[in-house]
Amino acid sequence: MADGIKQDLSDESIGAISTGDYSPITINVTNNKSEIDSLLKPLLIEMVDSVKTSYRNRATELPPDIEEKIDYNRVKVFKDDLRDAINYVIIIDEMIENLNHEDEDAADSILWSINQRYRDIKKELFLEHKIDPSDHKQVIKCINSHADIIINAVKDSIESDIPSVEGKKIEIVRFCILLIVCYGFITCNILERPIS
């Protein structure tokens, strides 16, 4: 947990402070955890429902340290957002675990959906910059140069698929999207896994 961030994950309360892209966003979600759950669940279900092919290619390795991945991919603009959100990924983990009880392929489908968005954006970048996908050095250089643009494009893609958010607080909507992006990032479904 980052210094100075107090985390409260009781049944009805969490807290979050963002120092990144949409800063400052301070969410003291006391008595609003149910509101986050009510938005996060339909977002994740939409991702599951949109996937027709089950994603069975989940990494069996443990995810890398977030700082290692931020450094490897040269994330600059979103690094504080990712660092802040990592403290609250337990929320999305619990939601996905609950969805897996309803649909055993839910987690795989969510990861596939996140990864597919990343891959589509990466392909567009490669076409735009005439990158040969078989040239690993060229690929990493391109991703490093555009890491924040890629994260932002994935975030925008997820945001465009949100079911109606009428009546929801914009801070909570942004927080839920940030959680999904962070989850995709730490599971290596957005940007690249560091090579040891």
Side-chain angles (χ1 to χ4, degrees), residues 1-7 9 14-27 36 40 43-44 47 55 57-96 107 110-126 128-129 131 133 135-159 171 173-196:
M1 186 179 328
D3 292 337
I5 295 178
K6 185 176 180 190
Q7 185 177 21
L9 292 175
I14 60 170
I17 300 171
S18 170
T19 56
D21 193 34
Y22 293 112
S23 297
I25 297 174
T26 302
I27 304 174
I36 288 174
L40 193 55
L43 271 170
L44 295 172
M47 294 174 90
Y55 177 62
N57 193 17
R58 289 177 66 189
T60 55
E61 301 174 52
L62 290 174
D65 174 73
I66 192 164
E67 293 300 326
E68 179 185 7
K69 189 159 183 206
I70 286 171
D71 290 345
Y72 181 79
N73 287 281
R74 297 198 179 131
V75 177
K76 295 172 185 75
V77 176
F78 282 95
K79 68 182 175 185
D80 290 334
D81 289 335
L82 294 168
R83 286 175 180 149
D84 291 346
I86 195 73
N87 293 299
Y88 304 98
V89 165
I90 190 168
I91 297 168
I92 199 164
D93 280 336
E94 289 173 355
M95 182 66 65
I96 289 172
I110 290 164
L111 291 173
W112 185 89
S113 177
I114 293 169
N115 185 254
Q116 202 58 38
R117 293 164 199 267
Y118 166 59
R119 291 176 59 163
D120 289 345
I121 291 160
K122 187 168 69 168
K123 286 178 205 169
E124 287 178 28
L125 262 178
F126 290 174
E128 181 182 335
H129 296 281
I131 302 297
D135 184 338
H136 183 71
K137 286 183 181 180
Q138 203 179 29
V139 165
I140 295 303
K141 184 177 178 183
C142 182
I143 290 170
N144 287 169
S145 298
H146 299 92
D148 291 297
I149 292 167
I150 292 168
I151 291 171
N152 195 54
V154 172
K155 179 187 70 66
D156 289 347
S157 174
I158 292 168
E159 192 169 352
E171 298 86 13
V173 173
R174 287 181 176 160
F175 180 67
C176 289
I177 293 168
L178 179 61
L179 283 180
I180 293 170
V181 169
C182 184
Y183 184 75
F185 180 79
I186 64 170
T187 59
C188 295
N189 285 285
I190 300 174
L191 299 182
E192 300 299 303
R193 178 182 288 277
I195 298 174
S196 302

Point to revise | From E159 atom CD to I177 atom CD1, the distance as rounded to the nearest 0.5 Å | key: 4.0 Å

Review point. Any side-chain heavy atom of L44 sitting closer than 4.5 Å to one from I92?
Key: yes

Point to revise | Inter-residue atom distance I114.CD1 - C188.SG, 0.5 Å rounding | key: 12.0 Å

Revision key, fill the gap. H129 meets the ring pair (Phe, Tyr, Trp, His ring centres under 6.0 Å) criterion, sequence neighbours left out, with H146

Review point. Roughly how far apart are Q116 CD and I121 CD1, rounded to 0.5 Å?
Key: 10.5 Å

Practice item. Evaluate the side-chain proximity of Y118 to N189: yes if any heavy-atom separation is below 4.5 Å, no if none is. Key: no

Practice item. Could you tell me whether R83 and E67 make a salt bridge, using a distance below 4.0 angstrom between a side-chain N and a carboxylate O? Key: yes

Review point. Please walk me through it: do Y88 and D93 pass side chain to side chain contact (heavy atoms under 4.5 Å, CB included)?
Key: CA-CA 9 Å; Y88 304 98; D93 280 336; over 6 Å; no

Exercise for review: Of all the heavy-atom pairs spanning V89 and C182, show the shortest one and how long it is.
Suggested key: CG2-SG, 3.8 Å

Review point. Quick one: does R193's side chain get under 4.5 Å of Y72's, heavy atoms only?
Key: no

**Study point:** Y183/I180 under side chain to side chain contact (heavy atoms under 4.5 Å, CB included): CA gap, chis, key distance, verdict
**Key:** CA-CA 5 Å; Y183 184 75; I180 293 170; 5.5 Å; no

Review point. Nearest heavy-atom pair of D148 and K76: which atoms, and what distance?
Key: OD2-N, 2.9 Å

**Study point:** Donor-acceptor pair, side chain of R74 and main chain of A147, under 3.5 angstrom
**Key:** no

Practice item. Check whether any side-chain heavy atom of F78 lies under 4.5 Å from a side-chain heavy atom of I70, and answer yes or no. Key: no

Check your understanding: Between atom CD1 of I96 and atom CG of L111, what is the distance when rounded to the nearest 0.5 Å?
Key -> 6.5 Å

Exercise for review: Give, for atom SG of C142 and atom CD of E128, the distance between the pair rounded to the nearest 0.5 Å.
Suggested key: 8.5 Å

Check your understanding: Got V154 and F185 here, is their nearest side-chain heavy-atom distance under 4.5 Å?
Key -> no

Check your understanding: Got a second to check how far I110's CD1 is from T187's OG1, nearest 0.5 Å?
Key -> 10.5 Å

Exercise for review: Return yes if some donor-acceptor pair links the side-chain N/O of S145 with the main-chain N/O of K141 below 3.5 Å, else return no.
Suggested key: yes

Check your understanding: P194 and K69: which non-hydrogen atoms are nearest, and at how many Å?
Key -> CG-CA, 3.8 Å

Review point. Just wondering, do I131 and L125 contact through their side chains at under 4.5 Å, heavy atoms?
Key: no

**Study point:** Full working for salt bridge (Lys or Arg N to Asp or Glu O under 4.0 Å) between D120 and R117
**Key:** CA-CA 5 Å; D120 289 345; R117 293 164 199 267; over 6 Å; no

Exercise for review: Measure from the side-chain N and O atoms of D84 to the backbone N and O of L82, and report whether any donor-acceptor pair falls under 3.5 Å.
Suggested key: no

Check your understanding: Among all residues two or more places apart in sequence or in another chain, which pass the salt bridge (Lys or Arg N to Asp or Glu O under 4.0 Å) test with K122?
Key -> E192

